[in-house]
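Here is the structure we will look at, set down as C-alpha cells.
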Amino acid sequence: MLDLYGTAVSSRLLLGTARYPSPAILADAVRASGAEIVTVSLRRETAGGKAGGAFFALIRDLGVRVLPNTAGCHSAKEAVTTARMARDLFGTNWIKLEVIGHHDTLQPDVFALVDAARTLCDDGFEVFPYTTDDLVVAERLLEAGCKVLMPWCAPIGSAAGPINPVALRAMRTHFPDVPLIVDAGLGRPSHAAAVMELGYDAVLLNTAVALAGDPVVMAKAFATAIDAGRKGFQAGLLSPRDMAEPSTPIIGRAVFS
C-alpha cells in the first residue's frame, strides 16, 4: 500500500482527467487503470459552467479521490488563491501545487513553488508539489511542510520519458522515506516501468493516456507496466555489467574429444 498524508491507496497510478475524447472514455479509462486518485483542474471546472458540475458528478460516481491542481498558475499568490478555492469546491485539503515559470517547457518556478508550498502547508493543506529533480529544491519543499514530492522526468506533455535517470535515481537515494511520484513527461508504458524500477512510489499520467489511439487500453497498459516495474524493484534488479557472465558454469561441463 502507498501512504499519502495518512491515506492508504493500493494503486500506484494517478490519472489526470483532461483532454479525453469524451466523458465516457475518461470514465472507462479510469476504471481500466484501477486508479484511486485523479487530478482535476479548478480552472477547467469553474470555467465549464453546467458542464463543470456534470464532470464533477462523473468523477464522484467513479468513487475515486480527487486531487485538485493549480494548473495554469504563474505566481505563488495565484496558486495559493486557486488552492483555497479548490478546497472550498472539492472539500479536500489535498492540492497538487503547480507554479509554472517557463511558457515553453512548463518548467516549475521553483522559487515561487517553495513560497506557495510554505503558505499552503501553514494553512492546513496537504501539498503535492510538481517540481524538478533538483535535490536542493526538494529539501526546501520538505522544510516547508510537504510530505510528498512529485518530480518531473521530462516537460509536461512531451512524452520524452525519463531524460535524466541519474538525477531521478539520486533523488530516490537521497529521500528514501519520502513518497516520490513521477509527474509529467511519460509517453510509453516502458517509461513508467523504468521509473518504477528506480524505486519510485507512483506515477501520475494524463496526456499519454488521454491522447492515445485507445485511451482505455493505454490506461490498462500503463497500470500493468507500473506494477511490473514495482515488482522488479522489490525483487532486486541486476546491475549492468561491462563483461559477459555465463549462466552455465564452466567448471564441471562435459568435455568431448
Side-chain angles (χ1 to χ4, degrees), residues 1-18 20 26-42 56 58-71 83 86-87 90-98 117 120-121 124-131 138 141-142 145-153 168 171-172 175-184 186 189 191-206 208-210 215-216 218-235:
M1 299 290 285
L2 174 60
D3 184 276
L4 301 172
Y5 287 104
T7 296
V9 294
S10 58
S11 173
R12 294 177 181 270
L13 170 57
L14 289 70
L15 206 58
T17 56
Y20 285 82
L26 164 61
D28 288 343
V30 172
R31 294 188 186 99
S33 73
E36 299 170 48
I37 299 170
V38 299
T39 62
V40 177
S41 170
L42 175 68
F56 188 39
L58 180 151
I59 297 298
R60 186 172 57 246
D61 290 344
L62 287 171
V64 293
R65 179 150 187 163
V66 172
L67 174 60
N69 67 44
T70 62
R87 178 164 61 183
F90 295 109
T92 178
N93 286 326
W94 279 17
I95 192 73
K96 180 190 170 188
L97 180 62
E98 298 182 30
L120 291 172
C121 288
F125 281 88
E126 296 172 328
V127 179
F128 296 68
Y130 165 59
T131 184
L141 288 168
L142 294 174
C146 299
K147 296 182 180 179
V148 175
L149 298 174
M150 303 183 75
W152 72 348
C153 75
L168 290 175
M171 180 170 279
R172 177 71 285 176
F175 304 107
D177 300 320
V178 176
L180 299 180
I181 303 171
V182 168
D183 176 20
L186 299 172
H191 295 159
V195 296
M196 293 301 290
E197 287 175 356
L198 293 176
Y200 276 72
D201 296 288
V203 165
L204 195 157
L205 300 164
N206 190 168
V209 172
V216 178
M218 187 62 75
K220 188 171 184 179
F222 267 104
T224 301
I226 289 167
D227 185 55
R230 177 68 180 175
K231 283 184 169 63
F233 171 74
Q234 291 176 319

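When a residue number appears, it is its place in the shown sequence, counting from 1. This is a predicted model, so every value here is computed, not measured.
At least one donor-acceptor pair under 3.5 Å links the side chain of T70 to the backbone N or O of E98. In terms of modelled atom types and a separation under 3.5 Å, the side chain of Y20 and the main chain of V209 share no donor-acceptor contact. Formation of a donor-acceptor pair under 3.5 Å by the T17 side chain with backbone atoms of T39 is found in this model. With hydrogens and angles disregarded, a donor-acceptor distance shorter than 3.5 Å links the side chain of E36 to the backbone of S10.
In this structure the side chain of Y130 reaches within 4.5 angstrom of the side chain of K96, judged on heavy atoms. For the pair I37/W94, a side-chain contact is recorded, criterion being any heavy-atom separation below 4.5 Å from C-beta on. With contacts defined as side-chain heavy-atom distances shorter than 4.5 Å, the pair T92/R65 qualifies. By the 4.5 Å heavy-atom criterion applied to side chains, L4 and P179 are counted as neighbours. For the pair R87/N93, a side-chain contact is recorded, criterion being any heavy-atom separation below 4.5 Å from C-beta on.
Salt-bridge annotation for R172 and D201: present, with a side-chain N of the basic residue lying under 4.0 Å from a carboxylate O of the acidic one. Contact check on D227 versus R230 returns no salt bridge, with no Lys/Arg side-chain nitrogen under 4.0 Å from an Asp/Glu carboxylate oxygen.
Nearest heavy-atom pair across N206 and A18 is ND2-O, 2.9 Å. Here the closest non-hydrogen pair linking C121 and G145 is SG-C, 3.5 Å. Nearest approach of P129 to V148, heavy atoms of both residues: CD-O, 3.0 Å. The two residues A29 and V216 have their closest heavy-atom pair at N-CG2, 3.9 Å. Across all their heavy atoms, P151 and I181 have their closest contact at CD-O, 3.3 Å. When all heavy atoms of A192 and F222 are compared, the closest pair comes out as CB-CD2, 3.7 Å.
Residue L186 holds its CG atom at 4.0 Å from SG of C153, rounded to the nearest 0.5 Å. Taken to the nearest 0.5 Å, the CD atom of E197 stands 12.0 Å off from the CD atom of Q234. To the nearest 0.5 Å, atom NZ of residue K147 and atom CG of residue L142 are 11.0 Å apart. To the nearest 0.5 Å, atom CZ of residue R31 and atom CG of residue L26 are 9.0 Å apart. Atoms CG and CG, from D28 and L62 in turn, are 9.0 Å apart once rounded to the nearest 0.5 Å. Note that CD1 of I226 and CE of M196 are 6.5 Å apart. Values are rounded to the nearest 0.5 Å.
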Discussion item. For F128 and L204: C-alpha separation, side-chain torsions, deciding distance, then whether side-chain contact (heavy atoms from CB on, under 4.5 Å) applies.
Written reply: CA-CA 11 Å; F128 296 68; L204 195 157; over 6 Å; no
Discussion item. Evaluate F125 against C146 for side-chain contact (heavy atoms from CB on, under 4.5 Å), listing each step before the verdict.
Written reply: CA-CA 9 Å; F125 281 88; C146 299; over 6 Å; no
Worksheet item: Checking side-chain contact (heavy atoms from CB on, under 4.5 Å) for the pair Y200/M171: CA distance, chi angles, key distance, verdict?
Response: CA-CA 10 Å; Y200 276 72; M171 180 170 279; 3.5 Å; yes
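A side chain to side chain contact (heavy atoms under 4.5 Å, CB included) with F90 is found for exactly one of I95, I59, V66, L67, namely V66.
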